[in-house]
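Residue numbers count from 1 along this sequence. The figures that follow rest on heavy atoms only: side chains count, while hydrogens, waters and symmetry mates do not.
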Amino acid sequence: MGESQLEETLEAIKQEQKHKVQEFRNLEFEFSKLKSKYKATSYNGSWQSSHLYFIFLKLESGNFLTDSEIKWLRANGLYETNKIAQEVKLFSQLKSKYKATQYQDSYPDSPLYQILKKLELTESLSNSEYNWLINNELFETAEIFQQQESVKEADFAQLRDKYQANRHSDLSLSSPLYPILQNIDANKNLRELEIKWLEQQGLSETISIAQELKETREFTTLRAKYKIIHYEDSSPKSHLYKILKRLELSNQLGEQDINFLKKRKLTEIIEIANEKYASTLKYKIDSGELLNESEIEWLKNNRREDIIVIAQQKHFAILKRKYRLIYLSLALEPFYAIMVKLEKKERLDPKLVLQLMEEELLSPGGKIALAYYRLEAEFYEQEFHRTGNKWDIPTASSYWRKADEPEHALKLTNLDLNQIKENKLKSAISVTRGAAFRDMDNLADAEICAKKAMEYQPESYQSCTLMAAIAHDRSNYPKASYWFNEAIKRGAKPEDIDDERKRLVRSTKDENKRHEAAEYLLKKDSQRYAWAKSYLKKSSDNGK
C-alpha cells in the first residue's frame with residue numbers, strides 16, 4: 001500500500017470515528033430531552049446502560065409498555081414517568097375508540113387528549129375544540145361528538161317532559177336545567193342553589209316532583225331501618241312518614257301519632273319512639289338544661305321516675321348553688337319543692353315556711369330568705385292595689401325591708417296619712433317607714449317617723465323600739481335603754497326586748513361600736529346580758 005493510500009485509509013477511519021462520536025453525542029442529547037419530557041430527570045444512568053431509552057422510544061411511538069417495563073420504572077422510582085406512560089396508553093385507546101388514530105402525537109399534553117377525555121365523559125365540546133377536530137381532519141371523531149349531542153338533546157327533551165319543565169325557554173345543552181334534571185333522574189337530592197335557580201325560573205312543578213321523590217326515598221329508607229315490612233302505603237303523604245321523621249329527631253309522639261300506630265299494630269314503633277325520647281330528655285339533663293312541665297308530665301305518664309329523680313337532683317344542685325346553700329346537707333324534699341316554688345315566684349304555704357325556719361334559712365341576708373321575703377312583699381303590695389286594704393301597706397313594707405329593699409318600702413309608704421282615719425294604721429305605717437329610713441342610715445327621718453307614730457298611737461310599743469334602735473345606732477346606749485324600758489311599759493315582752501338588743505349588737509357593723517355596746521350592757525347587767533361577752537372576745541381576738 002502506497003503512502004497516499006495509507007493516508008486516505010487513516011482519514012476515513014478518523015472521519016468514521018468522528019461521526020460515531022457525534023452520533024453518540026446526539027443520542028445523549030436526545031436522551032436528555034426525553035428524560036425531561038417524561039419526568040425522569042432524577043435518573044442518572046446513560047442512554048446505553050439501561051432500558052429507559054428504549055422505553056422512551058416506545059412511548060414516543062404511542063406503543064404500550066409491558067408489565068416488566070412498568071415494574072422496572074417503579075423499581076427505579078420513576079413514578080411520574082410511569083404515570084405519563086399510563087396516560088399515553090389511555091390516549092392511544094381513546095384515539096382508537098373515537099376514530100382518531102391518524103393523529104400522530106401520543107403525548108398527553110395534546111389538545112386531542114383533552115377532547116377525547118371529554119367525549120369519554122359525554123361532555124360537550126367548546127366551539128374551539130370542535131373546530132380543532134375539523135382543522136385536523138378528524139371528521140369521524142367530530143361525527144361521534146355530534147351523535148353524542150343528538151342523544152343528549154333527546155334525553156334533555158325527555159327529562160323536561162318527565163319533570164314538567166317544558167316551559168323553560170333555553171333548550172340548549174349548556175342550560176343549567178339539564179344537569180339539574182339529570183340529578184333528579186339519578187335519585188340525587190337537589191342542592192339549595194339548584195332549588196333557588198328552579199324557583200327563579202318559575203319551575204315550581206319540577207321542585208315539587210323532586211321533593212316528592214326525595215321524600216319517597218327517605219320514607220323507603222326509614223321503613224327499612226325500622227323494619228316496617230307489611231305496611232303497604234309507600235307515599236310520603238302517609239302519616240307514617242311524618243311519624244318516622246319525628247322519630248328520627250327523637251321528638252315526642254303526639255296522641256294522634258300513637259293512636260295511628262296502635263290501629264295499624266305498629267306498637268314496636270311506639271316503644272322505640274318512647275325510648276328515644278326518654279334518652280333525649282336524659283341527654284338534655286346531662287347537658288345542664290332544665291326539663292319543662294310537659295316533659296316531666298310525659299316522664300310521669302310513661303313511668304320514667306328514674307329520669308325525673310335525675311332531673312330533680314341536677315336541678316336541686318343548681319338551685320343550691322344559686323341560693324348559696326351548697327355547703328348545707330339538705331334533703332331533696334321538701335327543700336327542692338321550696339326552691340322550685342321560689343323560682344316560679346309562687347308563695348310558700350305555712351308548712352314549708354316552718355321547714356325553712358327550722359333549718360334557720362330565713363336569717364336576714366340569706367339568698368333564700370331574700371327570695372321568700374320579696375315574694376311576700378310583692379303579694380301584699382298587689383293585694384293592697386287589688387282590694388284597697390291599707391293594712392296590707394305596713395305588712396308589705398315590712399317584707400320589703402326584710403328583702404333588703406328598703407327603697408321599695410319607702411315608695412309604698414309615701415302616703416298622705418291625713419287621708420287615713422285610723423290612728424293605729426297611721427302609727428303602723430309611720431313605724432315601718434321610719435324603720436326603712438333607718439335601714440338606709442337616714443336616722444333623722446327615721447326619728448321623725450317614730451315620733452309621728454307615737455303621736456298617732458301613744459300606747460303602742462313599736463314606736464319605742466324604733467326610737468331605741470335609732471339611739472343605739474347613734475351610740476347613745478343609755479337612751480336606747482330608756483326607750484326599751486318604755487316599750488316594756490307599753491306591753492312589749494322583756495324577752496323580746498332582750499332578743500332585739502342582741503340583734504342590734506350582732507348587726508352593728510363597726511367593730512369598735514359593737515365592743516362599746518357590749519361593754520355597756522355587761523356593766524348594766526352582767527348576768528342578763530352575759531351573751532355580750534362573746535363580742536368582747538371577738539374584738540379582743542381581732543386585735544391580736
Side-chain angles (χ1 to χ4, degrees), residues 337-357 361-440 442 445-470 483 486-487 490-493 496-497 499-500 503:
I338 290 172
M339 284 187 272
V340 167
K341 277 182 170 290
L342 293 177
E343 285 292 290
K344 292 179 180 178
K345 297 192 179 300
E346 294 178 4
R347 294 181 72 215
L348 304 182
D349 60 53
K351 185 178 178 182
L352 294 179
V353 176
L354 185 61
Q355 294 277 1
L356 290 176
M357 293 174 67
L361 294 177
L362 289 183
S363 301
K367 293 276 284 185
I368 201 165
L370 292 175
Y372 164 70
Y373 290 133
R374 186 177 298 112
L375 273 177
E376 292 299 297
E378 289 172 348
F379 170 77
Y380 282 104
E381 186 168 338
Q382 289 167 4
E383 281 295 289
F384 161 62
H385 292 302
R386 185 178 69 85
T387 66
N389 181 9
K390 291 184 173 61
W391 273 105
D392 288 325
I393 294 174
T395 305
S397 174
S398 176
Y399 279 121
W400 277 125
R401 290 184 54 242
K402 290 179 180 178
D404 202 18
E405 296 184 48
E407 63 280 0
H408 272 86
L410 289 177
K411 184 178 178 181
L412 180 62
T413 57
N414 188 16
L415 303 168
D416 181 3
L417 297 183
N418 293 324
Q419 301 296 319
I420 300 174
K421 295 179 180 179
E422 193 177 353
N423 282 337
K424 186 176 180 182
L425 176 56
K426 289 188 203 181
S427 178
I429 293 174
S430 297
V431 167
T432 189
R433 182 171 176 78
F437 276 125
R438 177 177 169 266
D439 292 338
M440 299 177 72
N442 186 346
D445 284 337
E447 185 174 356
I448 291 170
C449 289
K451 288 178 177 179
K452 279 186 178 181
M454 286 183 188
E455 290 174 12
Y456 292 132
Q457 193 180 16
E459 70 278 8
S460 173
Y461 66 82
Q462 280 88 353
S463 54
C464 296
T465 55
L466 176 56
M467 287 293 288
I470 294 168
W483 283 115
E486 289 297 311
R490 288 166 173 77
K493 294 179 181 178
D496 290 342
I497 293 299
D499 287 341
E500 180 63 15
R503 189 189 65 76

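Judged as a side chain to side chain contact (heavy atoms under 4.5 Å, CB included), and not counting sequence neighbours, the contacts of D439 are R401, P406. Applying the side chain to side chain contact (heavy atoms under 4.5 Å, CB included) rule to L375 yields the partners L342, K345, E378; only residues at least two apart in sequence or on another chain are considered. Remark: E486 pairs with K489, R490 by the side chain to side chain donor-acceptor pair (under 3.5 Å) rule, at least two apart or across chains. Shown here are the side chain to side chain donor-acceptor pair (under 3.5 Å) partners of D445, two or more places apart in sequence or in another chain: N442. Shown here are the side chain to side chain donor-acceptor pair (under 3.5 Å) partners of E407, two or more places apart in sequence or in another chain: there are none. When the side chain to side chain donor-acceptor pair (under 3.5 Å) test is applied to S397, the partners found at least two apart in sequence or on another chain are T432. Partners of D349 by side chain to side chain contact (heavy atoms under 4.5 Å, CB included), not counting sequence neighbours, listed by chain and number: K351, L352. Every residue two or more places apart in sequence or in another chain that forms a side chain to side chain contact (heavy atoms under 4.5 Å, CB included) with S430 is listed here: L417, K452, A453, Y456. Residues satisfying the salt bridge (charged side-chain N to carboxylate O under 4.0 Å, His left out) criterion with E343, sequence neighbours excluded, are K322.
To the nearest 0.5 Å, the span separating NZ on K402 from OG on S398 amounts to 4.5 Å. The structure places CG of L410 at 5.0 Å from CZ of F437, a figure rounded to the nearest 0.5 Å. Between T413 atom OG1 and I393 atom CD1 the span is 8.5 Å, to the nearest 0.5 Å.
Residue I429 comes nearest to I420 through the heavy atom pair CD1-CD1, 3.7 Å, listed as atom of the first residue, atom of the second, then distance. Across all their heavy atoms, A409 and A436 have their closest contact at CB-CB, 3.9 Å. Considering every non-hydrogen atom in both I497 and A487, the closest pair reads CD1-CB, 4.0 Å.
Pairs passing the salt bridge (Lys or Arg N to Asp or Glu O under 4.0 Å) check and including a residue from residues 362-374, sequence neighbours excluded, read R374-E405. Within the structure, ring-ring contact (aromatic ring centres under 6.0 Å, His included) contacts touching residues 384-410 (residues at least two apart or in different chains) are Y380-Y399, W400-H408. Every pair passing salt bridge (Lys or Arg N to Asp or Glu O under 4.0 Å) that includes a residue from residues 385-398 is listed here, sequence neighbours excluded: E383-R386.
Exactly one of M454, E459, E455 qualifies for a side-chain contact (heavy atoms from CB on, under 4.5 Å) with Q457. That residue is E459.
Surrounding NZ of K341 are more than 12 heavy atoms belonging to other residues, nucleotides or ligands, all under 6.0 Å away.
Between K426 and E422 there is no salt bridge, since no side-chain N of the basic residue sits under 4.0 Å from a carboxylate O of the acidic one.
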